[in-house]
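Shown next, in structure tokens, is the structure this report addresses.
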There are 2 protein chains.
Amino acid sequence: MRLTRAAEYAIRCMVYLAKRGKGLLTSRQEIAQRAEIPGHFLAKIAQDLARAGLIEIRQGAKGGFVLLKEPAAISLLEVVEIMIGEIYLNDCIARPSTCRVSYSCAVHQVWMKARDQLRTTLSEVSLEQLVREESCIAPSRGPCPGLEGTDGDPENIPEANSV
Amino acid sequence: MRLTRAAEYAIRCMVYLAKRGKGLLTSRQEIAQRAEIPGHFLAKIAQDLARAGLIEIRQGAKGGFVLLKEPAAISLLEVVEIMIGEIYLNDCIARPSTCRVSYSCAVHQVWMKARDQLRTTLSEVSLEQLVREESCIAPSRGPCPGLEGTDGDPENIPEANSV
DNA sequence: ATATATAAGATAGATAAAGTCCGATATAGA
DNA sequence: TCTATATCGGACTTTATCTATCTTATATAT
């Protein structure tokens, strides 16, 4: 009952791209390094994101990924479900055929409610929000350095501590 | 991001025992057959439930399982977490050490909220409720007469995608 | 043309889930 | 006490999925 790593990486990638802004090209390697994602794995994940229309992938020298939508228009739920499919929590929600046992109905209702809540919570958060809010945990430059800091030192990998 | 089968079976087993009532002995075989749980697998699951103090296991001829607590005193969350451990949804909640990346903070908050909501929802449902409510379900399919309550959309069934 | 960078599919390794098997142990009843 | 019955408890097998990497192919800038 936990998020897959691929989905976790996809979120990191999308937040990173959102931080750069819509339409800006960023190389796969930069994202991989800065967001701590295995490079080849990121390539695969990006394909899913591209198929879903969130990013565009540019091949060739100076290639990379480009965010296609406004960060405010992309929800966390969207990113997650691109990677792991629609959230349902319990098999009996996705495949009612496995739900023939007499006990099922009441339990079923609970899982439906839980699933709806979870999806709602994730859908209410946009990448724009995430980018804006996380700015206050900037690594080594004091409390809240504002919204800047997206371009600049590519070498300094931020090491924010846990919440 | 889905419940394990062991947890699903544990719920079935506990609901079945709850239906019989506290203190009543029921053979493993009866439960296995009626709740459609592989017999040996149920034995293993029962050990976890017994270790957690929910049931007592009686060995020997005429052995079986006995519910030790009132159905109203056992929540769905309790049963689930005995089987799969504490729900956390995202690794970064369980192991903050994996959460060093700069993006983490805001996303972290969302997963915390989602986890809390999910655990609350599951904790608010007792076995007693489940036993009482499921009485309305006929073994065959079809809607549950009185339970349409919180369940918004009929929803298309997502095919066996990965969650 | 060449160097650079990603595409796309195949595949391998690791991890976890799901289910099975068997010797050990406990109990009821003769 | 002895025997049949039923679960214990752990080891084991199987299966599935996740995670990551490798390889060949393709696209682009210069």
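First the proteins, then the strands, lettered A, B, ... as listed; each starts at 1.
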[atom1] of [X] versus [atom2] of [N]: gap in Å, rounded?
| X | N | atom1 | atom2 | value |
| --- | --- | --- | --- | --- |
| A:Ile55 | C:dT6 | CD1 | P | 11 Å |
| A:Ile57 | C:dT6 | CD1 | C1' | 8 Å |
| A:Ile37 | D:dT21 | CD1 | P | 13 Å |
| A:Glu56 | D:dT28 | CD | C1' | 13 Å |

message: Counting primed atoms plus P, OP1 and OP2 as sugar-phosphate and everything else as base, spell out the protein contacts along nucleotides 14-23 of chain C at 4.0 Å heavy-atom distance: B, S or - for each nucleotide, 5' to 3'.
response: ----SBBBB-
query: Does B:Leu68 belong to the same Ile/Leu/Val/Met/Phe/Trp/Tyr cluster as B:Leu130, with side-chain heavy atoms less than 4.5 Å apart forming each link?
result: no
query: Is it the case that one hydrophobic cluster holds both A:Leu3 and B:Ile84, taking links as side-chain heavy atoms less than 4.5 Å apart, direct or via other members?
result: yes
Side-chain donor-acceptor pair present, B:Tyr9, B:Glu36, cut-off under 3.5 Å: no
task: For the residue pair B:Ser75 and B:Glu124, confirm or rule out a side-chain donor-acceptor distance under 3.5 Å.
output: no
task: Would you please confirm or rule out a distance under 4.0 Å between OP1 or OP2 of C:dA5 and any side-chain N or O of A:Arg28?
output: no
query: When you match A:Gln47 and A:Ala61 each to their closest nucleotide on DNA chain C, which lands nearer the 5' end?
result: A:Ala61
message: Looking at A:Ser27, is its backbone amide N or carbonyl O close enough to the side chain of A:Glu30 to form a donor-acceptor pair, meaning the two atoms are under 3.5 Å apart?
response: no
